[in-house]
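Heads up, the thing below is written out as structure tokens.
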Amino acid sequence: MSESVHFSTKLIKKTVAVDPQTGAANVPVYLSSTFHQKDFDHFGKYDYTRSGNPTRDALEEAIASLEGGTRGFAFASGMAAISTAFLLLSAGDHAVVPKNVYGGTFRILTQVLGRFGIDHTFVDTTNLEEVEKAIRPNTKVIYVETPSNPTLRVTDIQAIVQLAKAHRCLTFVDNTFMTPVFQRPLDLGADLVLHSATKFISGHSDVVAGLAVAASKEIADKIYFLQNALGAVLGVQDSWLLLRGLKTLDVRIRKSAESAQRIAEFFAARPEVKRVFYPGLADHPGAALHAEQASSGGAVLSFELKNEASARAFVNHVKLPVFAVSLGAVESILSYPPKMSHAELNEEEREKAGIGSGLLRLSVGLEDAEDLIRDFSEAFVYVKDREQVTVRSER
Ligand SMILES: *Cc1c(COP(=O)(O)O)cnc(C)c1O
């Protein structure tokens, strides 16, 4: 397809594959674990679904094209994709990883990979000096997640790639928050892009899935070997659901991001809000850098209220968002990181990571932004009351 085609056109071209046999406008769900071989000596393209399946292939080809890579891979979850990627490393190897990396990635590094001799150092990846200092002769990977969760800190992908190349390391980027609609790490020189496709790519809170896209054939071959060897492949029906979700990714995430920008500005102007974390706000410390490497602030933001009581009052009085873990869906999702994604940190560790006891994270869905803002305004009335009650009882 011509390079000049817009992303939204490419998205549809790649996800609506007409079936050559029947003309069906959608890829059939090939619910078959095995495939008949017509020739005793020469087997066909497919033999066993762990190794390859036409429905999963369509999804893998779509994500590879959208991220601008050589080959894509669909896994049973984001963590299956991330864990498989880390198994490119061997005993004695080392990875440099962000301090505020996704909790599941933290867990696999600290509690599993270490047992097999794969070592890691946690650093602030927004500080390039700190990253460089952590690189050792046995470092094989620098891992990036930008913007980070839940404080939306921005890491310079190109600068990390340069550092990595100078030290003969690979760069892996978890692109879950931005998706290829807004940020394409392979174009910036990264070697592997990872996704929790459970989030924006599925978009409907109905599938758990992971995706990986390799820049080079060399890495793609290794990931394919591991995917088949470990077997954490995405199921056929879920592959189809993900293709379906992917078709509307562009319109969904753009609409949500537009609303997120308005909501971030609304929060920034509210006296109840101590801080707003959103890379689309001009006063966000990573705003300029983010604007260079991504085309939107995205659909996730965090905001800090005075304390836990304020956060509780707010959550108890909003009517539109669901209160839940996860993000990237048609419905807005409000979560409380201190008791959800970051519950394993103690209070001191949380404060250090910038996760105050009043911090809430909002993944903006497809409700009308004005309705969401009205809902939040109404909930703030109770936040004020709660603070007044606290003050009174202290007297
Ligand atoms: C959710 C998430 C993951 C893990 O993905 P699962 O699909 O839940 O296994 C990894 N990285 C980020 C940034 C996430 O938000």
Side-chain angles (χ1 to χ4, degrees), residues 59 63 67 72-87 95 97-113 122 125 141 143-155 157 172-183 185 190 192-213 227 230 232-235 238-239 241-242 245-246 249 253 256 260 277 279 290 294 298-302 322 324-329 332-337 340-344 353 355 361-365:
L59 168 66
I63 193 64
E67 286 285 8
F73 303 91
F75 291 92
S77 67
M79 281 322 303
I82 292 166
S83 304
T84 301
F86 272 113
L87 290 177
V97 181
K99 262 182 202 155
N100 44 13
V101 74
Y102 177 75
T105 310
F106 178 89
R107 182 164 47 215
I108 195 87
L109 283 159
T110 54
Q111 301 198 43
V112 181
L113 296 173
F122 291 120
T125 51
V141 167
Y143 193 92
V144 174
E145 212 179 288
T146 183
S148 70
N149 181 26
T151 53
L152 289 298
R153 301 193 64 201
V154 180
T155 294
I157 298 174
F172 294 177
V173 180
D174 181 332
N175 203 27
T176 300
F177 272 42
M178 284 291 111
T179 83
V181 174
F182 292 147
Q183 177 171 279
L192 189 71
V193 170
L194 297 156
H195 281 283
S196 169
T198 310
K199 316 293 168 56
F200 290 103
I201 291 178
S202 140
H204 297 75
S205 298
D206 53 8
V207 185
V208 171
L211 293 168
V213 181
Q227 183 193 35
L230 295 162
V233 292
L234 187 63
D238 286 350
S239 295
L241 276 172
L242 224 54
L246 200 48
L249 172 65
I253 198 166
S256 290
F277 303 86
H290 185 76
V300 180
L301 60 106
S302 294
V322 299
V325 298
S326 201
L327 56 102
S332 289
I333 301 177
L334 189 61
S335 61
Y336 183 56
M340 290 177 169
S341 53
H342 293 71
E344 280 174 46
I355 305 166
R361 189 188 72 197
L362 177 69
S363 165
V364 180

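Counting convention: from 1, in listed order, for ligands and their atoms alike. Quick caveat, the model's predicted, so the values are computed rather than measured.
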Polar pairs, ligand 1 vs protein, N/O only, below 3.5 Å.
| residue | atom | partner | partner atom | Å |
| --- | --- | --- | --- | --- |
| ligand 1 | 5 (O) | Ser196 | OG | 3.0 |
| ligand 1 | 7 (O) | Gly78 | N | 2.9 |
| ligand 1 | 7 (O) | Ser196 | OG | 2.8 |
| ligand 1 | 7 (O) | Thr198 | OG1 | 2.6 |
| ligand 1 | 9 (O) | Gly78 | N | 3.1 |
| ligand 1 | 9 (O) | Met79 | N | 2.8 |
| ligand 1 | 11 (N) | Asp174 | OD2 | 2.7 |
| ligand 1 | 15 (O) | Lys199 | NZ | 2.7 |

(request) Could you tell me whether a side-chain N or O of Ser256 sits under 3.5 Å from a main-chain N or O of Val364, the two making a donor and an acceptor? (result) yes
(request) Keeping the roles fixed (side chain from Ser335, backbone from Val325), state whether a donor-acceptor pair exists under 3.5 Å. (result) no
(message) I'd like to check Thr155 versus Glu145 (side-chain heavy atoms, cut-off strictly below 4.5 Å). Are they in contact?
(response) no
(request) Using ring pair (Phe, Tyr, Trp, His ring centres under 6.0 Å) as the criterion, list what pairs up with Phe86, not counting sequence neighbours. (result) Tyr143
(message) Going by salt bridge (charged side-chain N to carboxylate O under 4.0 Å, His left out), name the pairs with one or both residues in residues 98-109, residues two or more places apart or in two chains.
(response) Lys99-Glu130, Arg107-Glu344
(message) Which residues pass the ring pair (Phe, Tyr, Trp, His ring centres under 6.0 Å) test with Phe122, not counting sequence neighbours?
(response) Phe106, His120
